[in-house]
Every structure is written in C-alpha cells, then in structure tokens.
Amino acid sequence: QVQLQESGPGLVKPSQALSLTCTVSGGSITSNYYYWSWIRQPPGKGLEWIGYITYSGSTYYNPTLKSRTSISRDTSKNQFTLQLSSVTPEDTAVYYCARMSEAIRTMLDYWGKGTLVAVSS
C-alpha cells in the first residue's frame, strides 16, 4: 500500500520561499512506471498541477509557475520536495503530493492528505 505524507511549515511570509516535503512509503520513488507530483488547491478554487519529478530525477513544471518552482528528491529517504519562491497571498492553498501514472498523466492514484500553507505577514 503506497502512502504519501506532506510536511512543512503552515505559514510563510510574502516574498519568502515555500518548502514542503513528501515522504513516500510502500513504494520507491525510483521505481519505473510512476512519477511524483505536486498539486495545490487554493480556497474555493479548483486543483492546479504544479509539477512532477520522474523516477530518474527529471522534472517538469506548470509553465505558469516554472520560474518559481523547483522539485527535487532524496532517494535515500524516499522523499521528494517542493520549493516555491517569492510567494504571495495568492499562493495560499492546500498542497498535495501524489503519485502519477507515467502512461496516463491525468491518473493520480495515491494522494497525501494535503497540508494547508498560508502566505501572510
């Protein structure tokens, strides 16, 4: 059973960097067939895909967020991380990590519970 859990600060000040970690259990982030994705949902709005990292370490980002986004991984800890720089209150959202099918990119079968990050001074 694959499980994902987000962790990180729940409050970030404007202009600072948001940093979250996703810890994966029950499966290896270096195994093929799956990518590891970050998604967010602002209050009252829909889901927004942020980006993903593959089992080989390649990354791809939502073009609207690419300039501020960095996804990395620590294979020894089976973790992958999200860093979003220069945040504003519009970045306030519930942030999720999820497993993505390599073959069907819209299929995300395992999700973390999500963590709320508020951007406020």
Side-chain angles (χ1 to χ4, degrees):
Q1 178 82 314
V2 176
Q3 293 181 301
L4 299 88
Q5 182 171 295
E6 305 90 350
S7 62
L11 181 65
V12 182
K13 294 182 178 180
S15 81
Q16 295 186 337
L18 179 158
S19 183
L20 297 172
T21 297
C22 183
T23 301
V24 180
S25 62
S28 174
I29 63 173
T30 62
S31 296
N32 60 3
Y33 301 127
Y34 298 102
Y35 299 161
W36 305 92
S37 185
W38 287 99
I39 308 96
R40 70 180 184 180
Q41 185 171 34
K45 298 184 178 180
L47 297 169
E48 180 181 33
W49 173 71
I50 299 170
Y52 65 77
I53 187 165
T54 73
Y55 45 78
S56 62
S58 300
T59 56
Y60 190 79
Y61 308 116
N62 185 331
T64 66
L65 300 170
K66 183 178 180 179
S67 65
R68 299 192 292 129
T69 306
S70 179
I71 298 174
S72 58
R73 64 179 184 169
D74 185 339
T75 58
S76 68
K77 297 180 179 179
N78 211 37
Q79 296 176 329
F80 63 104
T81 63
L82 169 69
Q83 291 197 334
L84 184 66
S85 65
S86 303
V87 299
T88 72
E90 286 68 47
D91 293 310
T92 295
V94 176
Y95 285 76
Y96 300 92
C97 56
R99 190 176 77 165
M100 176 186 291
S101 169
E102 180 183 32
I104 308 172
R105 303 292 176 85
T106 56
M107 182 180 293
L108 295 91
D109 56 357
Y110 289 95
W111 294 63
K113 292 183 178 180
T115 185
L116 175 64
V117 180
V119 179
S120 176
S121 60

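Just so it is clear, the model here is predicted, and its values are computed rather than measured.
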Minimum heavy-atom distance between [X] and [Y], given as atom pair plus value:
X	Y	value
S76	D74	OG-OD1, 2.6 Å
S19	P9	O-CD, 3.5 Å
P43	A93	CD-CA, 4.3 Å
S37	G51	OG-O, 3.1 Å
K13	V87	O-CG2, 3.5 Å

When you measure from the side chain of T92 to the backbone N and O of V119, does any donor-acceptor pair fall under 3.5 Å? yes
Counting only N and O atoms by type, is there a donor-acceptor contact under 3.5 Å from the side chain of Y61 to the main-chain atoms of I71?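 Present.
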ILVMFWY cluster, [X] and [Y] together (side-chain gap under 4.5 Å):
X	Y	result
L47	V94	yes
I39	L84	no
L4	V117	yes
L20	Y52	no
W38	W111	no

How long is the span from the [atom1] atom in [X] to the [atom2] atom in [Y], to the nearest 0.5 Å?
X	Y	atom1	atom2	result
Q16	S85	CD	OG	12.0 Å
S72	Q83	OG	CD	6.0 Å
I104	D109	CD1	CG	10.5 Å
L18	R40	CG	CZ	9.0 Å
T54	Y35	OG1	OH	6.0 Å
L116	E6	CG	CD	11.5 Å

So with a 6.0 Å cut-off around OH of Y60, is the heavy-atom count from everything else above 12?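 12 or below, so no.
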How about CD on Q79, more than 12 heavy atoms from neighbouring residues, nucleotides or ligands closer than 6.0 Å, or not? yes
Specify whether F80 and W36 have parallel, tilted or perpendicular ring planes, treating 30° as the upper limit for parallel and 60° as the lower limit for perpendicular.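 Tilted.
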Using a distance-only test with no angle check, is there a side-chain donor-acceptor pair under 3.5 angstrom linking Y33 and E102?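 There is no such pair (donor and acceptor under 3.5 Å, judged by atom type) between the side chains of Y33 and E102.
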Can a donor-acceptor pair be found between the side chains of T21 and S7 at a distance below 3.5 Å?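 There is no such pair (donor and acceptor under 3.5 Å, judged by atom type) between the side chains of T21 and S7.
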Does NZ or CZ of R99 come closer than 6.0 Å to the centre of the six-membered ring of Y110, within 45° of the ring's axis? no
From CA spacing to verdict: side chain to side chain contact (heavy atoms under 4.5 Å, CB included), M100, W49: CA-CA 11 Å; M100 176 186 291; W49 173 71; 3.7 Å; yes
Verdict with supporting geometry, Y96 and L108, side chain to side chain contact (heavy atoms under 4.5 Å, CB included): CA-CA 11 Å; Y96 300 92; L108 295 91; over 6 Å; no
Run the numbers on N78 and S25 for side chain to side chain contact (heavy atoms under 4.5 Å, CB included), then give the verdict. CA-CA 8 Å; N78 211 37; S25 62; 5.9 Å; no
Could you give me the CA-CA distance, side-chain angles and deciding distance for I50 and T69, then say whether side chain to side chain contact (heavy atoms under 4.5 Å, CB included) is met? CA-CA 8 Å; I50 299 170; T69 306; 3.8 Å; yes
